[in-house]
Number of protein chains: 2
Amino acid sequence: MPRGATLRDVADKVGVSPRTVSRVVNDEGGFSEATRVRVLEAVEDLGYQPNMLARGLITRRSGTVGLVGVDMTDPFFAAMADGIQNAARETGRTMFFASNDGDPQRQAEVFRSLWSHAVDGVIVFPAPGTIDQLAGYARRGMPLVVVDDIVEFPNLASVSFDLEDGAVKAAQHLLFTGRRRIGMIGSEITVPRTRRRERGFLQAFANPPTGAQPPELVRVRPTVSGGADGLQTLLERRPDLDGVFAFNDSMAVGAMRAAQASGYRVPDDIAIVGCNDIEMSALVNPGLTTVRLDRPRLSAEAIRVLHELIEEPTSNPTPVVLPVELVIREST
Amino acid sequence: MPRGATLRDVADKVGVSPRTVSRVVNDEGGFSEATRVRVLEAVEDLGYQPNMLARGLITRRSGTVGLVGVDMTDPFFAAMADGIQNAARETGRTMFFASNDGDPQRQAEVFRSLWSHAVDGVIVFPAPGTIDQLAGYARRGMPLVVVDDIVEFPNLASVSFDLEDGAVKAAQHLLFTGRRRIGMIGSEITVPRTRRRERGFLQAFANPPTGAQPPELVRVRPTVSGGADGLQTLLERRPDLDGVFAFNDSMAVGAMRAAQASGYRVPDDIAIVGCNDIEMSALVNPGLTTVRLDRPRLSAEAIRVLHELIEEPTSNPTPVVLPVELVIREST
DNA sequence: AAACCCTACGTCAACGTTGACGTAAGTCAA
DNA sequence: TTGACTTACGTCAACGTTGACGTAGGGTTT
C-alpha cells in the first residue's frame with residue numbers, strides 16, 4: 001500500500017508535465033540534458049518509485065515472473081528457485097513463488113492467481129496430469145516454461161535433464177560393479193519425468209549380463225520415509241537384493257537408513273544409487289553414489305527460454321535437454 | 001500479459017453495467033438474486049478473472065506479500081517459506097520471494113522492487129545492519145514483520161525464537177554430560193539474532209562446574225564448509241576440545257565431518273550440538289543433538305502478525321518470542 | 001397524499017502510468 | 001523565403017477496476 005510520490009509530484013516540483021518525467025525515468029529520449037538532471041534530482045529528493053501496477057496496467061507487462069514448484073522444502077527445488085530468482089532480478093523482474101504440492105487442483109488455483117496478477121511468464125514444475133491445464137494458459141498468451149518435462153505446444157517451452165540417460169548410467173554402474181539382484185524405488189507421483197527414469201532403468205536390462213535377475217520396481221512417496229518404506233517392500237519381495245536405484249537422493253538416503261536398520265551393510269550387501277546429488281548426499285555415511293544434475297545450468301536455461309518467449313511470443317523454442325553425470329561415492 | 005475478459009465484457013454479455021458485475025464478483029450486495037446468477041454464469045462462460053493490477057491501483061491493496069530471506073537454499077528458511085506461502089494463499093494473497101544474500105545493498109534493491117509492486121506487507125529475515133532501512137519502509141507505511149530479531153518500531157513487528165535460551169540449554173547439556181573444554185562455532189554474519197546465541201552460550205558459563213575451562217569462540221561462514229573450518233580453528237587453539245556448540249545444523253554437520261576426518265570420534269572424543277533441527281540432522285551418523293525450533297509455528301505467527309498489521313496499521317503488536325527445545329540424539 | 005425509506009441498479013471520476021498524437025521553436029537545405 | 005525536418009516538450013485518452021454519489025420505482029408510514 002505505497003503512498004509515495006507520483007509522476008505528478010515530481011512533475012510539479014520540476015515544472016514540467018508528468019509525461020516528460022515519465023520519459024526521463026524510462027530513458028525514452030526526447031528531453032534536454034538540463035531537464036534530465038532536474039527531473040532526476042527531484043526523483044531523488046522525493047524518493048519517487050514508479051508504480052508497477054499502473055505501469056503494468058497499460059504496458060501489459062507487470063515486471064513479475066512466477067515460479068511454481070511441487071514442494072519448496074525439496075532441496076533440489078530450493079536451489080533451482082534461488083537461481084531463477086537471481087536471474088529474474090537481473091532482468092528487473094520480481095518473482096512470485098508458489099507450490100502446487102503435486103496437486104492439479106492446487107496448481108489450478110495458483111495459476112488463476114498468477115493470471116490475475118498478470119505475470120509476464122511462469123516457470124513450472126508441473127503437477128501430474130496438468131499438461132492440458134498448462135497448454136490452456138499458454139494458448140491464452142501466458143509464456144510458460146515447463147521444467148523437467150518434455151512438451152511441445154505453442155507458447156510453451158520445456159527444459160529438462162536427460163534423466164533417462166541418468167537412470168541408464170545408474171543401472172549400468174550397478175550391473176558393471178557386479179550387482180545382479182537389483183531393485184528400483186520409483187515415485188508414486190507419475191508425471192512423464194518420473195516415467196523416464198523408470199524407462200531408462202529398465203532399458204539398461206535389455207541385454208543383461210549373465211546372472212542378472214529381472215529388476216524389481218516399487219513406487220512410493222518421494223521422501224526420506226517413502227524411500228525407507230520402498231526398501232522394506234523390495235526386501236520382502238527379494239531378501240537377497242544387492243543393488244538399488246532410487247528416484248531421488250532423499251529416497252536413497254531413506255533406503256540406506258532402512259537397509260542399515262535391517263542389518264544390511266551398505267555397500268557390502270546392498271549398493272545404493274540415488275539421483276539429483278543434493279547437498280546431503282555427500283554428507284551421509286557412506287557417501288551416496290548419485291546422478292548429478294547441473295542445477296545452475298537448468299535455472300539459467302529456464303530463465304533464458306522464458307525471456308525468449310516473453311520477448312517473442314510467437315517463437316517456438318525447441319525443448320532443451322541437459323546431460324547428466326554419474327558421481328561415484330562409497331555407497332556402491 | 002493477460003488479455004482475458006474484463007468486467008465490461010461480462011457486463012455487455014449480461015446487459016448490466018460493469019459496476020454491477022463488480023458488485024457481484026466482490027459480493028458487495030445491492031443486486032438481485034436473478035442478476036447474481038446471470039452474472040456468475042457469464043463470468044464462468046468468459047473465464048473472467050479480476051485484474052489485480054487495476055484493482056490494486058484503486059484499492060491500494062495489491063493482494064501480494066513479500067518474503068525476503070537470506071538464502072533460499074538454507075533448508076530452515078525453505079521450510080519457513082513454504083509455511084508462509086501456504087498461509088498467504090489462504091488469505092488470498094500471492095507471495096513474492098526474494099533473497100538478500102545477507103547484503104544490505106541487495107536488500108535495498110529488493111525492497112525498492114517490492115515497494116514498486118505495492119506489496120501489502122513483507123516478512124523479512126533482515127540482512128545485517130538494516131534495521132534503519134527497514135524502519136524507513138515501515139514509517140512510509142509498509143507493514144513489516146521482522147523474523148528472528150527483536151525490534152520495536154511503529155508499524156514494524158517482530159517474531160523470533162528464544163535462541164538465547166536455546167544456547168543456554170545446549171551449553172548446559174554439554175556441561176551436564178561432563179564436557180569441560182567446550183568451543184562454539186558462531187556465524188560471522190552478525191545480526192542481533194546471531195549475538196543472542198553467543199550471549200546465551202557464554203551465559204551458561206557464568207557459574208561453571210568445577211574443571212570447566214573458559215569457552216572458545218570462533219566465527220565463520222554459516223555453511224557446512226564453514227563449520228568444518230571452524231572446528232579446525234578450534235582444534236588448533238585447543239587440541240583437547242571435548243564439546244562444540246554450532247550456530248546451526250549445517251555448520252554442526254561440517255564440524256562433525258571435520259572432527260571425524262581429523263581422527264576424533266563423535267561423541268566419544270568430541271560432543272557436538274547444533275541448532276535448528278533441519279531434516280539432515282536426524283540422518284547423519286551419529287544423529288545430531290540439536291535445538292529444535294517449531295518452524296510451522298513461526299510461519300504461522302509471522303503471517304498472523306503481518307495480517308494484523310495490514311488490517312490495522314496503527315496497531316503496535318508486541319514482539320513474539322517462541323520457546324525452543326533441546327533434542328538429544330547420538331552426537332552428545 | 002405527502003414524506004420517507006429501501007432496493008437495485010447506473011454514472012462518473014479517479015488510481016498512476018504510458019501510447020498516440022499535437023505543436024512551437026529551432027535547424028537546414030534548396 | 002519556403003518547406004521539410006528535428007527537438008523538446010504538452011495534451012488527452014486509455015488500461016480495468018472501485019469509491020462516491022445519483023436515481024427510478026416500489027413500499028411503508030403518517
In terms of side-chain heavy atoms of B:Arg23, which of D:dT18, C:dT18, C:dC9 is nearest?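 Selected nucleotide (nearest to the side chain): C:dC9.
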Of the options D:dT17, C:dC9, D:dT18, whose atoms approach the side-chain atoms of B:Thr20 most closely?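 Of all the options, the side chain of B:Thr20 is nearest to C:dC9.
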Base C:dG19 to side chain A:Arg60, donor-acceptor N/O within 3.5 Å cut-off: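 Counting by modelled atom types and ignoring angles, no donor-acceptor contact under 3.5 Å is found here.
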Would you say [X] places a side-chain N or O within less than 4.0 Å of OP1 or OP2 belonging to [N]?
X: B:Thr6; N: D:dG16; answer: no
X: B:Thr35; N: C:dC9; answer: yes
X: B:Ser22; N: D:dG16; answer: no
X: B:Ser32; N: C:dC9; answer: yes
X: B:Asn51; N: D:dC15; answer: no
X: A:Ser17; N: D:dC9; answer: no
X: A:Arg19; N: D:dG10; answer: no

Keeping B:Arg295 on the side-chain end and B:Gly83 on the backbone end, is there a donor-acceptor pair under 3.5 Å?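 A pair under 3.5 Å: no.
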Would the distance check show the side chain of B:Asn100 and the main-chain N or O of B:Arg106 forming a donor-acceptor pair, the cut-off being under 3.5 Å?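 Side chain of B:Asn100 to backbone of B:Arg106, a donor-acceptor pair under 3.5 Å: no, none is there.
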Atom-pair distance ([atom1] on [X]; [atom2] on [N]), nearest Å:
X: B:Glu28; N: C:dT7; atom1: CD; atom2: C1'; answer: 15 Å
X: B:Arg61; N: C:dC15; atom1: CZ; atom2: P; answer: 18 Å
X: A:Ile58; N: D:dA14; atom1: CD1; atom2: P; answer: 11 Å
X: B:Arg38; N: C:dA8; atom1: CZ; atom2: P; answer: 14 Å
X: A:Asp27; N: C:dT17; atom1: CG; atom2: P; answer: 17 Å
X: A:Phe31; N: D:dT7; atom1: CZ; atom2: P; answer: 13 Å
X: B:Arg55; N: D:dC15; atom1: CZ; atom2: P; answer: 18 Å
X: B:Arg36; N: C:dT7; atom1: CZ; atom2: P; answer: 17 Å

Mind checking A:Pro18 for me? I need base, sugar-phosphate or nothing, with any heavy atom below 4.0 Å counting as a touch.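 Since no nucleic acid heavy atom lies under 4.0 Å of A:Pro18, the category is nothing.
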Using heavy-atom distances to pick each residue's nearest nucleotide on DNA chain D, tell me which of A:Gly30 and B:Gln49 is more 5'.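 Here A:Gly30 is the residue nearer the 5' end.
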Nearest-0.5 Å distance that lies between atom CZ in B:Arg23 and atom CG in B:Leu7: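 B:Arg23 atom CZ to B:Leu7 atom CG measures 11.5 Å (nearest 0.5 Å).
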Run the salt bridge (charged side-chain N to carboxylate O under 4.0 Å, His left out) test on B:Glu109 and B:Arg112 for me, step by step, so that the C-alpha distance in whole Å, both residues' side-chain angles and the decisive distance to 0.1 Å come before the verdict. CA-CA 5 Å; B:Glu109 281 174 43; B:Arg112 262 197 295 281; 5.7 Å; no
For A:Phe31, give me all partners under ring pair (Phe, Tyr, Trp, His ring centres under 6.0 Å), at least two apart in sequence or on another chain.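 Listed in chain order: nothing, the list is empty.
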So A:Phe77 and A:Phe97, would you call those rings parallel, tilted or perpendicular, with 30° and 60° as cut-offs?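 Tilted, since the angle between the ring planes falls between 30° and 60°.
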Both B:Leu57 and B:Glu33 contact DNA chain C. Which one's nearest nucleotide lies toward the 5' end?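 Per heavy-atom nearest nucleotide, the more 5' residue is B:Glu33.
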